[in-house]
Amino acid sequence: ESIVRKEFPISIRWTGTLEEGYEVVNVKLSPNTVILQELESVMNSVKNVMVTLEKEQLLKEGSINKRIEVYNDSDKIVSSLDGSVQVNIVYNLVKSVPILTTVTGTPNKDYYLKDYTLSQTSVQIMGDYSIIKDISHIVAEPPDVDKADASFQRNLKLQLPENVQLYKDSDTITAQVNIEKYSSKMISIPNSSITIFGGDVSGKTKYAIMEKEIAFSIKGPAEILDKVDPKSIKGYVNVSKVSEGTATVEVQMSMPSGIYIDQTVHVTVEMEIVESANEDIEITPTPIPTPIPEISPPPADEDPEKPDSE
């Protein structure tokens with residue numbers, strides 16, 4: 001039987017799993033083919049030539065050397081050829097991480113930042129495992145909304161750590177920034193929603209808010225404004241400088257988050273001096289009754305001159 005030579009491609013058999021978010025790319029084998037020599041019958045039985053790679057091992061090394069494994073039609077090792085050639089495997093490790101950014105600045109008066117979206121929310125970074133394992137996200141430069149009064153788009157540069165590259169991703173993304181104008185509407189609250197403080201606490205002074213309902217304008221994002229419950233709005237009035245009679249006092253308003261008051265709110269406060277009921281009644285003390293004299297019983301009748309009856 002003659003000895004023949006034959007060239008085979010070298011494939012990879014992967015085992016194990018990588019940590020979530022990791023991927024192996026740019027895998028290259030050197031050599032990627034091999035010329036084997038053996039008896040013709042043996043060579044005719046060769047089905048494939050491969051190297052086995054454990055994925056966990058790729059996290060620790062930048063390149064790996066492995067010897068080939070030669071299998072026949074029955075998926076059995078061909079011992080005479082097995083391990084006859086060493087293969088060097090090089091690769092890159094990539095990791096998927098989210099893109100984060102923040103918005104700077106304040107929109108123009110009566111405008112607000114509704115939201116913003118990014119053209120992509122994650123990228124694949126490439127580098128040594130010792131470096132990328134500690135990277136949890138990539139930061140994009142912040143879009144500036146200062147004095148903005150309309151929606152806009154802006155390109156944002158990604159800020160990459162040292163010795164880290166992007167894999168198949170651009171280092172620039174696009175942000176769609178949505179700016180909207182506040183809506184406004186009139187609302188009213190009962191005077192019971194306003195707390196009076198700073199007054200006389202001796203009990204001799206009475207304070208009252210004359211208006212039964214207090215109406216004013218509020219503003220905010222339409223989606224929040226439509227759901228505002230008047231019961232969630234509270235007011236506070238400081239009456240420390242109010243003298244007897246009535247006075248107009250500013251109300252300090254406490255608004256739900258995201259809602260703003262569009263004007264200064266005032267109420268009329270009435271102050272009244274209340275005399276204590278105890279001070280108007282003269283109390284006359286009840287006199288102590290004179291004790292009744294004690295009466296002694298009369299003495300028994302005795303007549304010494306009266307003769308004894310016989």
Side-chain angles (χ1 to χ4, degrees), residues 1-100 118-140 158-174:
E1 187 176 0
S2 61
I3 295 176
V4 298
R5 291 162 57 91
K6 191 173 181 180
E7 185 176 12
F8 295 91
I10 303 173
S11 59
I12 299 175
R13 183 178 66 179
W14 297 99
T15 63
T17 56
L18 288 173
E19 295 178 26
E20 185 177 357
Y22 286 89
E23 185 181 344
V24 179
V25 298
N26 299 331
V27 180
K28 295 180 181 179
L29 304 181
S30 181
N32 59 4
T33 64
V34 62
I35 297 176
L36 301 178
Q37 179 177 295
E38 196 28 298
L39 293 173
E40 186 176 3
S41 60
V42 174
M43 295 302 294
N44 289 338
S45 71
V46 173
K47 181 181 179 181
N48 52 51
V49 178
M50 63 180 65
V51 290
T52 299
L53 291 180
E54 298 176 1
K55 290 184 177 180
E56 296 90 338
Q57 188 178 5
L58 304 181
L59 302 180
K60 301 176 183 178
E61 303 177 30
S63 67
I64 298 174
N65 293 320
K66 287 286 185 176
R67 291 199 168 272
I68 62 170
E69 302 166 11
V70 181
Y71 292 87
N72 61 20
D73 291 331
S74 302
D75 291 327
K76 302 287 187 180
I77 288 287
V78 180
S79 57
S80 61
L81 298 173
D82 190 60
S84 58
V85 176
Q86 181 169 278
V87 179
N88 177 251
I89 305 101
V90 294
Y91 55 89
N92 293 117
L93 197 62
V94 299
K95 178 183 179 182
S96 295
V97 293
I99 299 173
L100 301 183
L118 303 178
S119 57
Q120 64 185 85
T121 56
S122 65
V123 289
Q124 283 188 309
I125 56 174
M126 186 166 62
D128 291 339
Y129 177 72
S130 60
I131 296 175
I132 65 176
K133 69 181 178 64
D134 295 322
I135 299 176
S136 59
H137 61 272
I138 292 296
V139 175
L158 299 181
Q159 300 169 355
L160 294 176
E162 190 176 358
N163 296 321
V164 172
Q165 304 173 42
L166 293 175
Y167 176 67
K168 291 186 177 180
D169 285 311
S170 169
D171 63 353
T172 302
I173 62 172
T174 302

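Start at 1 with the first residue, then count along the sequence.
In this structure, the side chain to side chain donor-acceptor pair (under 3.5 Å) partners of Glu19, at least two apart in sequence or on a different chain, are Tyr129.
Of the options Val87, Thr33, Asn32, Asn48, a side chain to side chain contact (heavy atoms under 4.5 Å, CB included) to Ile10 is made by Val87 and by none of the others.
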CA sep, side-chain torsions, deciding dist, call: Thr15, Leu53, side-chain contact (heavy atoms from CB on, under 4.5 Å):
CA-CA 6 Å; Thr15 63; Leu53 291 180; over 6 Å; no

Criterion side-chain contact (heavy atoms from CB on, under 4.5 Å) on Leu36 and Val70, from CA distance to verdict:
CA-CA 10 Å; Leu36 301 178; Val70 181; 4.1 Å; yes

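Listed for the Asp169 side chain is a donor-acceptor partner under 3.5 Å among the backbone atoms of Gln124. Distance alone, capped at 3.5 Å, is enough to place a donor-acceptor pair between the Ser119 side chain and the Thr174 backbone. Checked by atom type and distance alone, the side chain of Ser74 never pairs as donor or acceptor with a backbone atom of Lys76 at under 3.5 Å. In this structure a side-chain-to-backbone donor-acceptor pair under 3.5 Å is missing from Lys66 to Ile12. Put simply, the side chain of Asn72 gets close to the backbone of Asp75: a donor and an acceptor are under 3.5 Å apart.
Salt bridge present: Glu69 and Arg13 bring a charged side-chain N and a carboxylate O closer than 4.0 Å.
Considering CD of Gln37 and CZ of Arg5, their distance stands at 5.5 Å, rounded to 0.5 Å.
Counting only residues at least two apart or in different chains, ring-ring contact (aromatic ring centres under 6.0 Å, His included) contacts with residues 23-64 are absent.
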